[in-house]
Enquirer: 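I have a structure here, written as structure tokens, and I will follow up with some questions on it.
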Amino acid sequence: MSKLNFVCIGQDPGTENNPYLGFVYTSFQERATFVSHGNTARLAKEGGDPVLARICGTIAADEKRHENAYSKIVEKLLEVDPTGAMLAIGDMMEKKITMPAHLMYDGQDPKLFEHFAAVAQRTGVYTANDYADILEFLIERWRLEKLEGLTGEGKRAQDFVCGLAPRIRRLQERADARARKMKPHGVKFSWIFNNEVVL
């Protein structure tokens, strides 16, 4: 059996030790893991694995609770410091939310996360549309389009964030069209005994 050597270093995901950025990041990231584990639970159930479905469903429920806590903190920040909080949201969305797993490495595939993300996109575990959906969900939850009392800089961040989801969807449509023209190819994953998965 191959030795797995996954490394996930606690690298700052662009939050710069700024609590505003940290709470925005975790609000988005926890919702993303809620979505991806929920989708995995659904696929496991459809595939006839009720135990895996139950495990993933339990994890998804935990992630949802975490998301709710962090999102409430951002709601409060928007209430007491609308411009500061809006700038933090704009900053994180400009950097793009990167999942902690982007650092995973098995000692064999230097593009492991890129390949993993391609499989997740193709199977519907976590897609660019999910990313846009999460952004729209948070915009609505935090009532960002109706936020008032912003400075000019805060208003620019508001306009950027509130107009971002449609742009993400358009970019994804173009990427999907390019992907359909490409010849499918396989990648081996060490954690499934080097079995090949089509990207």
Side-chain angles (χ1 to χ4, degrees), residues 4 6 8 10-11 13-15 21-76 78 89 92-93 95-106 111-145 161-162 164-173 175-176 179-180 187 189-192 195 197-199:
L4 298 182
F6 286 98
C8 190
Q11 181 178 333
T15 58
L21 296 175
F23 291 126
V24 171
Y25 174 80
T26 49
S27 295
F28 193 106
Q29 185 265 330
E30 295 289 354
R31 182 152 188 93
T33 51
F34 158 69
V35 168
S36 63
H37 282 89
N39 287 336
T40 303
R42 176 183 48 78
L43 290 169
K45 186 176 180 182
E46 290 170 2
D49 193 333
V51 175
L52 179 59
R54 198 162 46 251
I55 291 168
C56 291
T58 300
I59 295 169
D62 280 346
E63 300 301 276
K64 179 72 174 154
R65 284 190 286 275
H66 303 162
E67 173 222 324
N68 195 40
Y70 292 125
S71 291
K72 283 183 177 178
I73 293 170
V74 175
E75 283 172 14
K76 191 64 177 177
L78 286 161
I89 295 166
M92 282 311 304
M93 295 317 302
K95 292 173 185 171
K96 299 183 181 68
I97 303 291
T98 304
M99 294 299 111
H102 79 281
L103 295 168
M104 68 181 177
Y105 182 55
D106 63 356
K111 293 185 176 181
L112 181 62
F113 182 72
E114 183 183 319
H115 294 148
F116 173 75
V119 172
Q121 171 77 28
R122 186 176 59 76
T123 58
V125 166
Y126 185 75
T127 69
N129 280 328
D130 290 323
Y131 189 98
D133 287 346
I134 292 165
L135 177 56
E136 287 174 340
F137 173 85
L138 292 173
I139 288 169
E140 185 176 341
R141 174 170 183 159
W142 293 333
R143 298 182 290 284
L144 297 185
E145 291 177 317
V161 171
C162 293
L164 189 56
R167 288 202 298 270
I168 292 169
R169 292 190 198 284
R170 284 193 299 274
L171 288 170
Q172 186 56 45
E173 284 169 12
D176 288 344
R180 282 191 292 274
V187 172
F189 286 88
S190 61
W191 67 71
I192 52 173
N195 286 320
V197 177
V198 177
L199 298 186

Enquirer: Out of curiosity, L21 CG to K95 NZ, how far, rounded to the nearest 0.5 Å?
Expert: 5.0 Å

Enquirer: Which atom names give the shortest non-hydrogen contact between F34 and A60, and what distance separates them?
Expert: CD1-O, 3.2 Å

Enquirer: Can you see which heavy atom on T127 is nearest to which on Q121, and at what distance?
Expert: CA-OE1, 3.1 Å

Enquirer: To the closest 0.5 Å, what do you measure between CG (D106) and CH2 (W191)?
Expert: 7.0 Å

Enquirer: Is there a side chain to side chain contact (heavy atoms under 4.5 Å, CB included) between Y70 and V24? Walk through the geometry before answering.
Expert: CA-CA 8 Å; Y70 292 125; V24 171; over 6 Å; no

Enquirer: Quick one: do E75 and R141 make a salt bridge, cutoff under 4.0 Å?
Expert: yes

Enquirer: Got a sec: does the CZ of R167 have more than 12 other heavy atoms crowding it under 6.0 Å?
Expert: yes

Enquirer: Are any non-hydrogen side-chain atoms of V74 and I89 less than 4.5 angstrom apart?
Expert: yes

Enquirer: Kindly give the heavy-atom pair with the smallest separation between G57 and A41, and that separation in Å.
Expert: N-CB, 3.7 Å

Enquirer: Taking N195 for its side chain and I192 for its backbone only, find out whether a donor-acceptor pair lies under 3.5 Å.
Expert: yes

Enquirer: Report the distance from atom CG of L138 to atom CE of M93, rounding to the nearest 0.5 Å.
Expert: 8.5 Å

Enquirer: Are any non-hydrogen side-chain atoms of H66 and R31 less than 4.5 angstrom apart?
Expert: no

Enquirer: Hey, are the side chains of R42 and E46 touching, using non-hydrogen atoms and a 4.5 Å cut-off?
Expert: yes

Enquirer: If I take atom OG1 from residue T123 and atom CG from residue L43, how far apart are they, to the nearest 0.5 angstrom?
Expert: 6.0 Å

Enquirer: Ignoring hydrogens, what is the shortest heavy-atom contact between A128 and I168? Give both atom names and the distance.
Expert: O-CG2, 4.0 Å

Enquirer: Out of curiosity, D130 CG to L135 CG, how far, rounded to the nearest 0.5 Å?
Expert: 12.5 Å

Enquirer: Does the T33 side chain pair with the main chain of E30, one donor and one acceptor, at a distance under 3.5 Å?
Expert: yes

Enquirer: Indicate the atoms forming the closest heavy-atom contact of A53 with A44, along with that distance.
Expert: N-CB, 3.7 Å

Enquirer: Please check if the side chain of Y25 supplies one atom and the backbone of T98 the other of a donor-acceptor pair under 3.5 Å.
Expert: yes

Enquirer: Hey, could you give me the CH2/CZ distance between W142 and F137, rounded to the nearest 0.5 Å?
Expert: 9.5 Å

Enquirer: Show the nearest heavy-atom pair for residues C56 and T40, with the distance to one decimal.
Expert: SG-CG2, 3.7 Å

Enquirer: Tell me if the aromatic rings of Y131 and F28 count as close, with their centers under 6.0 Å from one another.
Expert: yes

Enquirer: Does the side chain of V187 reach to within under 4.5 Å of the side chain of V197, using non-hydrogen atoms?
Expert: no

Enquirer: Does the side chain of I134 come within less than 4.5 Å of Y126's, by heavy atoms?
Expert: yes

Enquirer: Answer yes or no: is there an ion pair linking E173 with R169, defined by an N-O contact shorter than 4.0 Å?
Expert: no

Enquirer: Taking C-beta and beyond as the side chain, do K45 and R54 meet within less than 4.5 Å on heavy atoms?
Expert: no

